[in-house]
Amino acid sequence: MDKHRRWTYSITKLVFWTTLFAGTLLFICFQNSPPSNNAHLKVIKRGSSTNSRSSPEWEKRVKLSARSGHFSILVTGAAGFVGSHVSAALKLRGDGVVGLDNFNSYYDISLKRARQKLLENNGVFVIEGDINDNHLLKKLFDIVKFTHVVHLAAQAGVRYAMKNPGSYVHSNIAGLVSLFEACKSANPQPAIVWASSSSVYGLNTKVPFSEKDRTDQPASLYAATKKAGEEIAHTYNHIYGLSITGLRFFTVYGPWGRPDMAYFFFTKDILKGKPISLFQGSNNRSVARDFTYIDDIVKGCLGALDTAEKSTGSGGKKKKNAQLRVFNLGNTSPVPVTKLVSILEKLLKVKAKRNVLPLPRNGDVMFTHANISYAQKEFGYKATTDLQMGLQKFVNWYLDYYSISEKKNSW
Ligand SMILES: O=C(O)[C@H]1O[C@H](OP(=O)(O)OP(=O)(O)OC[C@H]2O[C@@H](n3ccc(=O)[nH]c3=O)[C@H](O)[C@@H]2O)[C@H](O)[C@@H](O)[C@@H]1O
């Protein structure tokens with residue numbers, strides 16, 4: 001080989017190996033990074049030194065937030081409606097709490113940020129991250145020996161499932177499996193309490209709904225993913241000895257609530273003088289919900305957590321049978337949606353522009369009604385806030401939050 005050809009050969013070799021090396025690096029990076037987009041939902045990322053997961057300050061914040069004399073709890077969906085209330089209640093009673101939330105754009109992110117700020121003012125660190133990010137979950141379980149996980153991160157909403165089915169699979173199925181995988185490998189394995197839904201009762205007509213009733217006729221993809229979650233929970237309990245408690249929440253409402261829910265956007269639209277759509281069934285039958293106030297749901301979550309037994313596995317192997325439970329958490333007194341609107345009209349002192357429409361075939365069910373005797377027996381659960389009182393508290397919060405620029409830092 002002459003000098004020139006030898007030189008060209010060396011350059012070609014160098015380019016080849018550099019490209020291969022860079023390609024491999026890129027591939028590894030892509031494999032390890034969490035999805036940047038949650039099936040069409042934007043996940044906004046913010047960079048800050050305390051949020052950089054490799055920094056010692058970040059680890060310190062995680063450990064500090066988890067520190068407690070009692071339980072150390074990971075709360076997923078901590079910047080969400082139920083998640084923020086549960087995190088605050090746990091911290092207030094002295095548990096160590098670390099929050100996790102992906103801050104996706106399903107509804108107003110600024111409301112999630114405001115909840116995060118309140119939590120952080122109360123000593124709860126809310127990490128920005130996705131439950132599908134298994135590296136992050138592993139890291140968290142390496143840093144903290146969590147005794148419990150309260151898993152509330154989910155894609156919620158019944159009707160949105162027809163618009164964005166992928167986001168339900170991403171969060172409620174893939175995300176749940178990713179979380180269970182991390183829990184089963186953790187040492188010690190935490191006990192898990194997670195949010196299922198009243199929607200699993202689907203088209204059932206026998207009321208009130210009992211945990212013993214069939215749940216094999218879901219009316220929405222949302223309901224189907226929650227039902228799937230209950231079956232997946234069975235598997236992880238059976239194979240790995242994870243202690244798992246599923247909570248079927250019944251239409252939770254209250255201060256710091258979800259803007260996609262009817263009571264919330266009815267309030268907004270009534271105040272703006274905009275018409276609201278009121279669904280009704282055939283023969284003018286009104287649609288009814290067992291609306292449950294947030295504080296009652298928080299009590300139920302804490303009751304379930306305090307009665308959860310330890311998981312039994314270690315090193316990914318089950319030692320003996322572990323606890324597997326499902327509870328209804330409802331108010332046990334269904335109210336027609338028309339009545340909810342009348343209460344709101346009185347509280348807001350504005351007449352609603354009612355637009356009555358047939359119940360669309362998009363996943364909604366006619367009514368829900370919880371039998372809560374099992375939760376009552378196991379941890380003394382009893383809802384104590386009726387819809388009138390609960391909506392009063394919601395409206396007070398709503399007017400305060402949206403009309404006063406200097407927001408109050410209280411729950
Ligand atoms: O209990 C549950 O499992 C579910 O409760 C709610 O679902 P839903 O009861 O459908 O709550 P909303 O979307 O707030 O609807 C409440 C009622 O208002 C009715 N509605 C809703 C929207 C509307 O424009 N008009 C109307 O009459 C619905 O048909 C329903 O009866 C939550 O959105 C779900 O995430 C949760 O899992």
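Any value given below was found using the heavy atoms of this structure, including those in side chains, with hydrogens, waters and symmetry copies removed. First listed ligand is number 1; within each ligand, the first listed atom is number 1.
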What residue and atom, counting heavy atoms only, is the protein's closest point to [atom], and at what distance?
atom	answer
atom 8 (P) of ligand 1	Arg289 NE, 3.8 Å
atom 20 (N) of ligand 1	Phe279 CD1, 3.5 Å
atom 36 (C) of ligand 1	Tyr222 OH, 3.7 Å
atom 24 (O) of ligand 1	Ser277 O, 3.4 Å
atom 2 (C) of ligand 1	Ser198 OG, 3.2 Å
atom 18 (O) of ligand 1	Ala262 CB, 3.6 Å

Thr312 and Lys318: side-chain donor and acceptor closer than 3.5 Å?
-> no

Does ligand 1 have a heavy atom under 4.0 Å from the side chain of Lys226, from its backbone, from both, or from neither?
-> neither

The answer for which part of Phe264 has a heavy atom under 4.0 Å from ligand 1 is neither

Quick check: [X] and ligand 1, any N/O pair under 3.5 Å apart?
X	result
Asp260	no
Phe291	no
Asp364	yes
Phe250	no
Val337	no
Gly157	yes

If you count the atoms of ligand 1 from 1 in the order shown, which ones are under 4.0 Å from a heavy atom of [X]?
X	result
Ala156	35 (O)
Ser197	2 (C), 3 (O), 37 (O)
Leu278	27 (O)
Val158	7 (O), 10 (O)

Is the closest heavy atom of Met366 to ligand 1 under 4.0 Å?
-> no

Give a yes or no on whether the ring-centroid distance for Phe146 and Phe141 is below 6.0 angstrom.
-> yes

Could you walk me through whether Lys112 and Asp101 pass the salt bridge (Lys or Arg N to Asp or Glu O under 4.0 Å) test, one step at a time?
-> CA-CA 9 Å; Lys112 300 181 183 185; Asp101 202 293; 5.1 Å; no

All N/O donor-acceptor pairs, side-chain side in residues 346-363, below 3.5 Å, sequence neighbours left out:
residue	atom	partner	partner atom	Å
Lys353	NZ	Gly273	O	2.7
Arg354	NH2	Ser342	OG	3.1
Arg354	NH2	Glu345	OE1	3.1

Sequence neighbours excluded, the answer for ring pair (Phe, Tyr, Trp, His ring centres under 6.0 Å) partners of Tyr253 is Tyr263, Tyr293

Specify the closest pair of heavy atoms between Val62 and Leu140, including all atoms of both residues, with the distance to one decimal.
-> CG1-CD2, 4.0 Å

ring-ring contact (aromatic ring centres under 6.0 Å, His included) between Phe327 and Tyr381, worked out = CA-CA 10 Å; Phe327 294 107; Tyr381 175 75; 9.1 Å; no

Determine the sole option in Phe265, Phe264, Trp256 for which the ring-ring contact (aromatic ring centres under 6.0 Å, His included) test with Tyr398 is passed.
-> Phe264

